[in-house]
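Shown next, in structure tokens, is the structure this report addresses.
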Amino acid sequence: MSDAPFQVEVLADATAVARRAGEYVARRADEAVRQRGRFTIALSGGSTPRTLYELLASPAAAALGPALAWERLEVFWGDERYVPSDHPDSNYRMTREAMLGRVPIPHDHVHPIPTDLADPQDAAASYEQTLRRVFQLTEGGLPRFDLVLLGLGPDAHTASLFPGSAALQDQGRLVVANWIEKFHSFRITMTAPVLNHAACVLFLVSGSEKTVALREVWYGPRDPQHFPAQLIHPESGELVWLIDRAAQDGLPVPAEQQSTTKA
Ligand code: 6PG
């Protein structure tokens, strides 16, 4: 693990992880809108963040902090499965059902990864152009997200940066089409330099099936090829791990990190 500082918060369960993540979203969004007039966020997929998305779209969001100014949000995805947007595996579909279809966010502020193109490489290139446009990037520039949400797979993958996959080495592009052999399919994913350029990266990790991956990422030898989440250490941003007790399962929280066990 990089020697860059990171914070770990241990929460009671997945619901508590979602609630704490919601507090981060509300606070970070309020700060960003006040300071820069908008809040840019890259969402993660999978099942863990769904509870967060449902919470943000519900009346209970009022208890998380300042109300989200949905018209000031710019929503992206850190990765996407290369399936149609209405496919059950689509991260976009999951997020639309859990949140985006229930909140007043302007349509042109929602930036799904295009998965309707024949060639996944074209999809990655198209999404990269969307990032360049919305963030008004100069050549070689990186988008600085206010917040990036990430999950952790049991194999220590994050976004769609899977062990042994080509995207792990990509330093020159913002978004790539990454062939995932074990799924025999492509995923579109932001690359580590983009994720590491964020102001804040928030991992949401829940469940006992993640304990081994956490151990390898935090305490294992530096080996991002096998433990891709080790690539994530924002060069000038905050890194926070929100994990539940099932995922921690007695794993010692790195001594130099703050650890707050929430009710
Ligand atoms: C995806 C995600 C992926 C996810 C992890 C953890 O597209 O599936 O981006 O990286 O975050 O697989 O998923 P869970 O949180 O559902 O276990």
Side-chain angles (χ1 to χ4, degrees), residues 11 13-22 25 41-55 75-85 87-100 111-115 120 123-124 127 145 147-165 167-168 175-192 194-196 198 201-214 216-217 224 226-232 239-249:
L11 290 304
D13 53 27
T15 302
V17 167
R19 190 180 312 117
R20 186 70 178 121
V25 172
I41 184 170
L43 303 178
S44 66
S47 55
T48 301
R50 185 180 188 116
T51 306
L52 165 62
Y53 301 153
E54 291 169 343
L55 174 61
V75 173
F76 293 81
W77 279 260
D79 72 317
E80 183 60 276
R81 295 84 180 278
Y82 209 66
V83 295
S85 58
H87 189 281
D89 292 345
S90 165
N91 288 334
Y92 167 75
R93 172 176 162 176
M94 180 273 284
T95 317
R96 189 188 67 235
E97 290 174 349
M99 178 171 70
L100 296 177
H111 307 285
I113 294 173
T115 57
Y127 207 54
F145 281 94
L147 181 61
V148 168
L149 301 182
L150 291 175
L152 180 71
D155 60 358
H157 82 263
T158 192
S160 283
L161 301 172
F162 282 81
S165 63
L168 299 181
V175 184
V176 297
N178 197 23
W179 176 256
I180 312 303
E181 187 56 35
K182 72 175 181 181
F183 297 140
H184 209 66
S185 67
F186 277 101
R187 296 269 188 108
I188 309 298
T189 187
M190 289 182 187
T191 56
V194 172
L195 303 174
N196 284 327
V201 175
L202 196 60
F203 273 98
L204 282 65
V205 185
S206 166
S208 59
E209 71 278 11
K210 306 296 175 75
T211 307
V212 171
L214 275 178
E216 297 294 0
V217 171
H226 289 96
F227 314 125
Q230 287 184 345
L231 290 172
I232 308 305
L239 175 58
V240 180
W241 291 79
L242 301 181
I243 70 173
D244 68 4
R245 290 204 184 103
Q248 183 193 14
D249 192 19

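Each ligand, and each atom within it, is numbered from 1 in the order the structure gives.
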Region of Asp79 that comes within reach of ligand 1 [heavy atoms, distance under 4.0 Å]: side chain

Nearest-0.5 Å distance, CG of residue Leu152 to OG1 of residue Thr211: 10.0 Å

Nearest-0.5 Å distance that lies between atom OH in Tyr82 and atom CD1 in Ile188: 6.0 Å

Min side-chain heavy-atom separation Met94-Tyr53 under 4.5 Å: yes

Leu43 vs Met99 side-chain heavy atoms within contact, under 4.5 Å: yes

Residue-ligand contact Arg50/ligand 1, heavy atom below 4.0 Å: no

CG-CG distance between Asp79 and Leu150, expressed to the nearest 0.5 angstrom: 8.5 Å

Ser165/Asn178 under side-chain hydrogen bond (donor to acceptor under 3.5 Å, both in side chains): CA gap, chis, key distance, verdict: CA-CA 7 Å; Ser165 63; Asn178 197 23; 2.9 Å; yes

Ligand 1 versus Leu152: contacting region, heavy-atom distance under 4.0 Å: backbone

Residue and atom name of the nearest protein heavy atom (relative to atom 17 (O) of ligand 1), distance in Å to one decimal: Lys210 NZ, 2.6 Å

Taking atom 4 (C) of ligand 1 as the reference point, the nearest protein heavy atom with its distance: Gly45 O, 3.9 Å

Nearest neighbour in protein (non-hydrogen) for atom 12 (O) of ligand 1: His157 NE2, 2.7 Å

Numbered atoms and elements of ligand 1 in range of Gly46, under 4.0 angstrom, heavy atoms: 1 (C), 8 (O), 16 (O)

Option of least heavy-atom distance to atom 10 (O) of ligand 1 (set: Ala159, Gly151, Ser160): Ala159

Region of Glu80 engaging ligand 1 - heavy atom pairs below 4.0 Å: neither

OG on Ser44 to CG on Asn91, rounded to 0.5 Å: 7.5 Å

Non-hydrogen atom of Arg187 closer than 4.0 Å to ligand 1: yes

Atoms in ligand 1 with a heavy atom of Asn91 nearer than 4.0 Å: 1 (C), 7 (O)

Distance from atom 16 (O) of ligand 1 to nearest protein heavy atom, with residue and atom: Ser47 N, 2.5 Å

Ile232 side chain near Val148 side chain, heavy-atom distance below 4.5 Å: no

Nearest protein heavy atom with distance in Å, relative to atom 15 (O) of ligand 1: Thr48 OG1, 2.6 Å

Within-shell test, Arg81 vs ligand 1, heavy atom, strictly < 4.0 Å: yes

pair Ile243-Val17: side-chain heavy atoms closer than 4.5 Å: no

